Amino acid sequence: MKLKSEVVTLKNVNNNTTELLLGKNKNVLFVTGNFHKFNEVRSVLSLRGIAVGMLRMKGKETQSDNINEIAQDSAIDAFNKCHIPLIVEDAGLFIDALEGFPGPYSAYVYKTIQNRGILKLMENLQNRKATFCSAIVFYSQKTGPQLFEGKTEGEITLTERNGDGNSGFGFDPIFQPMDSEKTFAEMPLEEKNYISHRAKAVNKFAKWYSNICDNL
Ligand code: ITT
């Protein structure tokens, strides 16, 4: 079955447009400004028969050192603006030797010092363990906030490894999941989605959502 997926903006979103854009089957809106994240989530959800729309809107910038709290606050804020069921995701890379940095500050750190900066901070450090974490929060009037988490452990590489340069984003070129020879950036999307923090959280969400979405 080919599922529809569309990008919508706050101006054109309501329950009717969601059905028109995404069809009558199971669907959900994902509030994000990040196309890479949207593509990964779309790919996992389509395998589970759920169509997804990307809702681009400026969200609240919650200051917290906990990604679950950030995701929950963003979901409540987004729901208060558009009043239809939705998901948001907050993700972060937590590096052991840097005491969990950049963690909840991942977006800012990626924008500023990028992967080169992280590798510089890790120069001469033996302990290269790191964990990618994803927190997805679904929000609807009936259910309130529902949290789904995913984690993938691995190591920070010594250099950036991009593969053919067509896959991955953000910290993917410097993160090598445990038991893998490749960085996330060296994997095609389907392979990353087999083991990634995001895919684990999305799969938990999809399992739960498939059972309840007809009653929302
Ligand atoms: P939203 O609009 O959904 O908030 P974002 O880009 O701000 O998108 P996050 O706050 O969830 O996303 O993630 C912060 C940053 O961490 C993100 O911009 C990437 O640089 C990095 N990141 C998140 N998930 C990643 C992944 O799967 N692979 C590589 N880097 C990732």
Side-chain angles (χ1 to χ4, degrees), residues 7-10 28-44 52-78 81 86-95 98 100-119 130-139 147-157 160-163 166-177 180 182-202 205:
V7 179
V8 286
T9 58
L10 187 56
V28 72
L29 284 179
F30 177 22
V31 180
T32 181
N34 186 323
F35 273 101
H36 300 282
K37 285 175 41 167
F38 175 69
N39 273 336
E40 291 181 11
V41 168
R42 170 169 56 185
S43 169
V44 175
V52 61
M54 177 174 176
L55 175 54
R56 304 189 73 182
M57 62 189 263
K58 186 87 192 107
K60 189 176 155 198
E61 305 273 327
T62 302
Q63 294 299 317
S64 166
D65 56 10
N66 182 321
I67 63 167
N68 295 354
E69 257 174 48
I70 297 172
Q72 175 159 318
D73 264 32
S74 311
I76 293 171
D77 177 58
K81 286 179 179 143
L86 49 82
I87 52 171
V88 302
E89 190 225 24
D90 200 63
L93 177 64
F94 295 75
I95 301 176
L98 305 180
F101 182 83
Y105 312 107
S106 291
Y108 180 72
V109 169
Y110 185 75
K111 258 185 251 151
T112 51
I113 65 171
Q114 301 191 325
N115 289 331
R116 261 176 296 134
I118 296 277
L119 292 180
T131 307
F132 248 129
C133 299
S134 161
I136 290 186
V137 172
F138 172 82
Y139 198 101
L147 172 71
F148 305 89
E149 294 173 86
K151 285 184 187 188
T152 298
E153 293 182 356
E155 291 195 340
I156 302 299
T157 50
E160 288 190 53
R161 294 191 349 232
N162 274 299
N166 293 325
S167 298
F169 71 101
F171 302 115
D172 281 346
I174 59 165
F175 183 80
Q176 182 168 332
S180 171
K182 300 179 195 168
T183 63
F184 270 164
E186 291 173 317
M187 300 176 183
L189 184 138
E190 296 71 30
E191 195 177 340
K192 179 180 175 188
N193 269 351
Y194 201 62
I195 50 174
S196 84
H197 50 304
R198 177 163 302 107
K200 287 172 191 161
V202 177
F205 160 72

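In listed order, ligands and their atoms are each counted from 1. Heavy atoms only: backbone and side chains are in, while hydrogens, waters and symmetry mates are out. Source: prediction; values computed, not measured.
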> Got a donor-acceptor contact below 3.5 angstrom from the Thr152 side chain to the Ile195 backbone?
Replying inline: yes
>> Would you compute the distance between atom CZ of Phe175 and atom NE2 of His197 and round it to the nearest 0.5 angstrom?
In response: 8.0 Å
> What residues sit with at least one heavy atom under 4.0 Å from ligand 1?
Replying inline: Thr32, Gly33, Asn34, Lys37, Glu89, Asp90, Ala91, Ser106, Ala107, Tyr110, Phe132, Phe169, Gly170, Phe171, Asp172, Lys192, His197, Arg198
>> Tell me every residue that passes salt bridge (charged side-chain N to carboxylate O under 4.0 Å, His left out) with Asp90, counting only those two or more places apart in sequence or in another chain.
In response: none
>> Is it true that Asn162 and Glu186 share a donor-acceptor pair across their side chains at a distance under 3.5 Å?
In response: no
> With sequence neighbours left out, what residues match Glu191 under salt bridge (charged side-chain N to carboxylate O under 4.0 Å, His left out)?
Replying inline: Lys182
>> Holding to ring-ring contact (aromatic ring centres under 6.0 Å, His included), I want the full list of residues that pass it with Phe171, two or more places apart in sequence or in another chain.
In response: Tyr110
